[in-house]
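Every chain is numbered from 1 and lettered A, B, ... according to where its sequence line falls, protein lines coming before strand lines. Hydrogens, waters and symmetry mates play no part in the numbers below; they use all other heavy atoms, side chains included. Just so it is clear, the structure is predicted and the values come from calculations on it, not from any experiment.
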There are 2 protein chains.
Amino acid sequence: MTTQTLDLTFAALADPTRRAILSMLLEDDMAVTDVAEPFDMSLAAISKHLGILAAAGLIAQEKRGRVKWCKLEPDALRAASIWMQSFGQFEAVNLDAFEAFLAHELSSKSIDD
Amino acid sequence: MTTQTLDLTFAALADPTRRAILSMLLEDDMAVTDVAEPFDMSLAAISKHLGILAAAGLIAQEKRGRVKWCKLEPDALRAASIWMQSFGQFEAVNLDAFEAFLAHELSSKSIDD
DNA sequence: GTGATCGTCAACCATTTGGTTGAATATGCG
DNA sequence: CGCATATTCAACCAAATGGTTGACGATCAC
């Protein structure tokens, strides 16, 4: 994780529209038009958001025919998550405590909004 | 974690100066002036950065006398980290795979820059 | 009290961000 | 070919961001 990668990743995650998009892509790969459908926003705006997510490596885009498919890239999120944990003060690697904490959190999580 | 909290947290983390500040506070609690010292930037600018970090809950500030002490609030980072992990596709809670991955990452990590 | 130190406030500035619209570029379909 | 669909590009705009400077309010030290 370079500084610039962290810049892009966190900036990308700071926008609720983009987080919602990630949440959608967690379910399934989607075309740009389909990503845009639930939002009250132009297709061009969504296209820009997808570009930002792709630049941060959070999604990958692959054009097949005239449709551009978007899929989540979990590794990028995982890497950023790791970076954050280094601040969470699991001193060396206190995974037992972390495991308990994570299990508790996940049992009552809501992905977004 | 509300949507707005995530906005503030990730926006705060998106700036390299603010991440460097967090990194410094990982070592020790510090006064505003001391936080500012290594940066080539006005005290007012650093004061703003600290305000943003505090608004996101990433640090706490306590005024004692004329000096305002800043300390890391690891819980906020931990919570955001948890949010990110939900996208990392450890399907239910694949902690074994995660543990291996984390151990590997930490063995070669650099906190910032 | 006087003066230095700690930190914030207010006004300002340049740049970035998140959105719009309309035109343009592919690609698929009949 | 001719038209509809999928996506991006370019120009533009308002608002937010990250920085500056100078004045200001507290607090401590003599």
Side-chain angles (χ1 to χ4, degrees), chain A residues 3-25 28-72 112-113, chain B residues 3-25 28-72 112-113:
Chain A
T3 290
Q4 200 176 351
T5 305
L6 290 170
D7 286 3
L8 292 175
T9 302
F10 288 127
L13 290 172
D15 185 279
T17 300
R18 288 192 289 263
R19 288 199 307 276
I21 290 173
L22 290 179
S23 186
M24 291 166 60
L25 292 177
D28 241 323
D29 299 357
M30 297 178 81
V32 174
T33 304
D34 296 330
V35 170
E37 199 272 330
F39 295 97
D40 188 20
M41 198 181 296
S42 71
L43 183 61
I46 296 295
S47 179
K48 278 193 195 175
H49 280 305
L50 290 168
I52 290 166
L53 289 169
L58 293 168
I59 66 169
Q61 293 183 292
E62 184 199 353
K63 196 166 176 182
R64 277 204 299 274
R66 64 181 165 179
V67 51
K68 195 169 192 173
W69 293 92
C70 308
K71 68 185 258 270
L72 206 59
D112 203 313
D113 301 53
Chain B
T3 290
Q4 201 177 349
T5 305
L6 290 170
D7 286 3
L8 293 174
T9 303
F10 287 126
L13 291 172
D15 185 279
T17 300
R18 289 192 290 263
R19 288 198 307 275
I21 290 174
L22 290 178
S23 184
M24 291 166 61
L25 292 177
D28 241 323
D29 299 358
M30 297 178 81
V32 174
T33 304
D34 296 330
V35 170
E37 199 272 329
F39 295 97
D40 187 20
M41 197 181 297
S42 71
L43 183 61
I46 296 295
S47 180
K48 277 194 198 176
H49 280 305
L50 289 168
I52 289 166
L53 289 169
L58 292 169
I59 68 169
Q61 293 183 290
E62 185 199 353
K63 195 166 178 182
R64 277 204 298 275
R66 65 180 162 178
V67 50
K68 195 168 190 173
W69 293 92
C70 308
K71 68 183 258 272
L72 206 59
D112 203 312
D113 304 54

- Rounded to whole Å, CD of A/Glu37 lies from P of D/dT5 at a distance of 15 Å
- Query: When the distance from CG of A/Leu53 to P of D/dT7 is rounded to whole Å, what number comes out?
  - Reply: 15 Å
- Message: Testing the basics here: between A/Gln61 and A/Ala54, what is the closest heavy-atom pair and its distance to 0.1 Å?
- Response: OE1-CB, 3.7 Å
- Message: Set out, in order, the CA-CA distance, both residues' side-chain angles and the distance that settles side chain to side chain contact (heavy atoms under 4.5 Å, CB included) for A/Phe10 and B/Arg18, then state yes or no.
- Response: CA-CA 12 Å; A/Phe10 288 127; B/Arg18 289 192 290 263; over 6 Å; no
- Taking atom C1' of C/dT17 as reference, at what distance in whole Å does atom CG of A/Asp7 sit? 15 Å
- Query: Do NZ/NE/NH1/NH2 and the carboxylate oxygens of A/Asp28 and A/Lys71 come within less than 4.0 Å?
  - Reply: no
- Query: Do the side chains of A/Leu13 and B/Leu13 get nearer than 4.5 Å, heavy atoms only?
  - Reply: no
- Task: Go along nucleotides 8-26 of chain D 5' to 3' and tag each nucleotide: B for a protein heavy atom under 4.0 Å from its base, S when only backbone or sugar atoms are that close, - otherwise.
- Result: BB-B------SBBB-----
- Message: Taking side chain to side chain contact (heavy atoms under 4.5 Å, CB included) as the criterion, tell me which of B/Val32, B/Thr33, B/Val35 meets it with B/Lys68.
- Response: B/Val32
- Query: Of B/Ile59, B/Leu58, B/Leu50, which meets side chain to side chain contact (heavy atoms under 4.5 Å, CB included) against B/Ile21?
  - Reply: B/Leu50
- Rounded to whole Å, the CD1-P distance (B/Ile21 to C/dG7) equals 13 Å
- Message: Please report the distance, rounded to the nearest Å, between CD1 in A/Ile59 and C1' in D/dT7.
- Response: 14 Å
